[in-house]
A.B. asks: 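Quick one: this structure, given as structure tokens, is what I'll be asking you about.
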Amino acid sequence: MAKMKSAYFCQSCGYETPKWLGKCPSCSEWNSFVEEVVSTSKKEVVAFSSSSGRTAKPQKLGEIETRKEERIQLQDKELNRVLGNGLVPGSLILFGGEPGIGKSTLLLQMAVAEKKSILYVSGEESDQQIRMRAERIGNTNEDCYILTETNVQNIFKQAEILEPDILIIDSIQTIFSQHIESSPGSISQIRECTAALLRFAKQTETPVFLIGHITKEGSLAGPKVLEHMVDAVLQFEGDRNHVYRLLRSIKNRFGSTNELGIYEMLGNGLRQVENPSEILISDSDTSLSGVSIAATLEGLRPMLIEIQALVSTAAYGTPQRSATGFDLRRLNMLLAVMEKRCGFKLAAKDVFLNIAGGIKVDDPAIDLAVVAAILSSNFDISVERNICLSAEVGLAGEIRPVNRIDQRIHEAQKLGFDKIIISKHNKGIDQKNFKIEIVMCSRIEEVLKELFS
Ligand code: TYD
Ligand code: MG
């Protein structure tokens, strides 16, 4: 077989060289050379590594046939929703997450749950390991094939024979194209393999899931260009020491990126969590001080979460502030607001804040609940369990409105709360439409009166 040629290109000016260089002689950029395939001989058409030869013609927008997009409905409701109501044929989906978070588990679980032929390619684990995992999850799909292979050309060969309905690659960092000399996981390899998989997906209309690792900095390992090439980027996140996992969509060409999937990692795989609020609120009947409930939105999904705070006298000169699941700078800001605008002496106190369930929230609507939890712990007076809060707190101590307040109120009502405290400036809220009592406040002081007197 004739060998394909590759060359190195500067990523900032396009300078070409046959050997890797540290510094570009043309634009003086450092470390900018990446290996790319330059030529394929005409006769030897390697599967999915050259274009199909069809030339496209311009068409009038109005004359383009709108094929009613048939989406593949998956058994996994959460995954279905995050993908934008089903899997689009021929789409390439990047599935990212930290090591050990459960990416392989989720996709294997999908593979064994579907009644479709699925090819699961693993470059990370042996077939025995995968078998053991499948047994743990509960294997049912007879049409699920496992291939332990890292050569992308061989993967295509097998995929052409098998013609699977869905292809899963675990992971993009372990596979390689034989036309490129760099080692698997390098930028050139990732780019070349993704491009080949993209062509495979489009030409065969097979949806392809691509598992990708995330670097310490939290970005998908590999070039940013990877995210541009794929149709959707899903991110699986959560705290490895907790059981809950969130599946977010960061990019989706076929749906909204506001959807969120929630899973619980159990001994026998991941369980879909349909009603997140129920699990995120501990069901103790007695009210404890330092605990409040916030009505928040994750994407488009309303959920109620429990905020826990502990305020104690500082043992050392500088008080400690620590927050889990909440932005520490925002906590400091809220403490400053309480100190300055409401006259609370929190400067000599240690403040610890925790969001139950190990999830991270950056919805500003939980501000008020954070303030309530801190003050509740500070005064040692509990907030009643039947009250929840949903509002942002501004620098002047004012209570600010938040988006989609009616959805939040509905969720609180559904879960049997008797009262919700929101901002006075939320427009269009009519108490008549709700059974739950809606209390509207414009300043922290009013909220305090409502909660603690
Ligand atoms: P894994 O899917 O291998 O993570 P990733 O592919 O993202 O690196 O999941 C690894 C963790 O999941 C592992 O620490 C054990 C845990 N786990 C369970 O708790 N229950 C299960 O049923 C399975 C299969 C894994
Ligand atoms: Mg894995």
Side-chain angles (χ1 to χ4, degrees), residues 48 76 79 82-83 87 91-112 118-134 137 144-156 158-159 164 166-178 180 182-201 206-238 240 245 247-251 263 265 269-270:
F48 311 110
D76 186 335
L79 188 56
V82 175
L83 286 170
L87 188 56
S91 57
L92 181 62
I93 296 148
L94 180 62
F95 196 90
E98 283 176 28
I101 206 76
K103 301 180 295 297
S104 308
T105 305
L106 183 64
L107 289 184
L108 185 64
Q109 195 170 320
M110 180 195 87
V112 295
I118 293 184
L119 179 58
Y120 185 105
V121 180
S122 179
E124 304 207 326
E125 282 151 78
S126 70
D127 24 17
Q128 281 95 342
Q129 276 174 309
I130 299 172
R131 174 73 202 260
M132 266 156 60
R133 185 186 304 219
I137 296 166
C144 174
Y145 295 86
I146 306 294
L147 174 67
T148 43
E149 175 63 79
T150 50
N151 181 326
V152 78
Q153 278 79 24
N154 291 349
I155 294 173
F156 289 139
Q158 296 303 326
I166 299 175
L167 176 65
I168 300 167
I169 306 283
D170 187 1
S171 64
I172 183 67
Q173 276 93 1
T174 54
I175 61 171
F176 71 97
S177 161
Q178 64 202 25
I180 293 230
S182 344
S183 54
S186 65
I187 293 182
S188 329
Q189 283 291 4
I190 289 182
R191 205 158 63 172
E192 185 62 23
C193 293
T194 311
L197 284 163
L198 183 67
R199 284 188 292 266
F200 171 80
T206 312
V208 178
F209 281 94
L210 213 53
I211 292 180
H213 294 288
I214 273 185
T215 58
K216 275 218 192 71
E217 294 80 47
S219 63
L220 280 157
K224 199 75 184 160
V225 58
L226 190 59
E227 286 183 37
H228 291 297
M229 283 160 92
V230 299
D231 295 310
V233 181
L234 305 186
Q235 189 148 317
F236 207 36
E237 45 189 65
R240 249 187 294 169
R245 303 279 184 272
L247 182 65
R248 273 179 219 284
S249 118
I250 297 176
K251 161 181 171 177
Y263 294 89
M265 180 63 100
L270 288 150

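The first residue in the sequence is number 1, and the count goes up from there.
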A.B. asks: Can you measure from CG (D76) to CG (L106) and round to the nearest 0.5 angstrom?
C.D. replies: 6.0 Å

A.B. asks: Take K103 and D170 through the side-chain contact (heavy atoms from CB on, under 4.5 Å) test and state the conclusion after the steps.
C.D. replies: CA-CA 9 Å; K103 301 180 295 297; D170 187 1; over 6 Å; no

A.B. asks: Between Q173 (side chain) and H213 (backbone), is there a donor-acceptor pair under 3.5 Å?
C.D. replies: yes

A.B. asks: Test side-chain contact (heavy atoms from CB on, under 4.5 Å) on I155 and F200; report intermediate values, then the result.
C.D. replies: CA-CA 11 Å; I155 294 173; F200 171 80; over 6 Å; no

A.B. asks: So, does Q109 use its side chain to make a donor-acceptor pair with the main chain of L270 at under 3.5 Å?
C.D. replies: yes

A.B. asks: Do you know which two heavy atoms are closest between P184 and T174, and how far apart they sit?
C.D. replies: CB-O, 3.8 Å

A.B. asks: Hey, are the side chains of M229 and R191 touching, using non-hydrogen atoms and a 4.5 Å cut-off?
C.D. replies: yes

A.B. asks: Which atom pair, heavy atoms only, marks the closest approach of S122 to I130?
C.D. replies: CB-CD1, 3.4 Å

A.B. asks: Output the distance between atom CZ (F209) and atom CG (L94), rounded to the nearest 0.5 Å.
C.D. replies: 11.0 Å

A.B. asks: Atom CD1 in I169, atom OH in Y120: separation rounded to 0.5 Å?
C.D. replies: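 The CD1 atom of I169 sits 10.0 Å away from the OH atom of Y120.
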
A.B. asks: With a 4.5 Å heavy-atom cut-off, do L87 and L79 have their side chains touching?
C.D. replies: no

A.B. asks: Using side-chain heavy atoms (C-beta onward) and a distance below 4.5 Å, is Y263 in contact with T105?
C.D. replies: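 Y263 does not reach T105 side chain to side chain.
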
A.B. asks: At their closest point, which heavy atom of L108 faces which heavy atom of A134, and how far apart are they?
C.D. replies: CD2-N, 3.8 Å

A.B. asks: Would you check, one step at a time, whether the test side-chain contact (heavy atoms from CB on, under 4.5 Å) holds for I101 with R240?
C.D. replies: CA-CA 6 Å; I101 206 76; R240 249 187 294 169; 4.2 Å; yes

A.B. asks: Walk me through whether I168 and M110 qualify under side-chain contact (heavy atoms from CB on, under 4.5 Å).
C.D. replies: CA-CA 10 Å; I168 300 167; M110 180 195 87; 3.8 Å; yes

A.B. asks: Return the SG to CG distance between C193 and L198, rounded to the nearest 0.5 Å.
C.D. replies: 12.5 Å

A.B. asks: Under the 3.5 angstrom rule, does the side chain of Q189 hit a backbone N or O of S182 as a donor-acceptor pair?
C.D. replies: yes

A.B. asks: Can you give me the closest heavy-atom contact between A159 and P164, atom names plus distance?
C.D. replies: O-CD, 3.4 Å

A.B. asks: Please state whether the rings of F95 and F236 are parallel, tilted or perpendicular, taking 30° and 60° as the class boundaries.
C.D. replies: tilted

A.B. asks: Applying side-chain contact (heavy atoms from CB on, under 4.5 Å), can you list everything that pairs with N154, at least two apart in sequence or on another chain?
C.D. replies: E149, N151, K157

A.B. asks: What heavy-atom pair brings M265 and G102 nearest, and what distance separates the two atoms?
C.D. replies: CE-CA, 3.9 Å

A.B. asks: How far apart are the closest heavy atoms of K251 and H228, and which atoms are they?
C.D. replies: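 Smallest heavy-atom distance, with atoms named: NZ-O, 3.2 Å.
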
A.B. asks: Please examine the side chains of F156 and L197, heavy atoms only from C-beta on, and report whether any two atoms are closer than 4.5 Å.
C.D. replies: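 Yes, side chains in contact.
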
A.B. asks: Just verifying a value: how many Å separate I172 CD1 and L210 CG, rounded to the nearest 0.5 Å?
C.D. replies: 4.5 Å

A.B. asks: Which distance, rounded to the nearest 0.5 Å, do you find between the CD1 of I211 and the CD1 of I93?
C.D. replies: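 Result: 12.0 Å between the selected atoms.
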
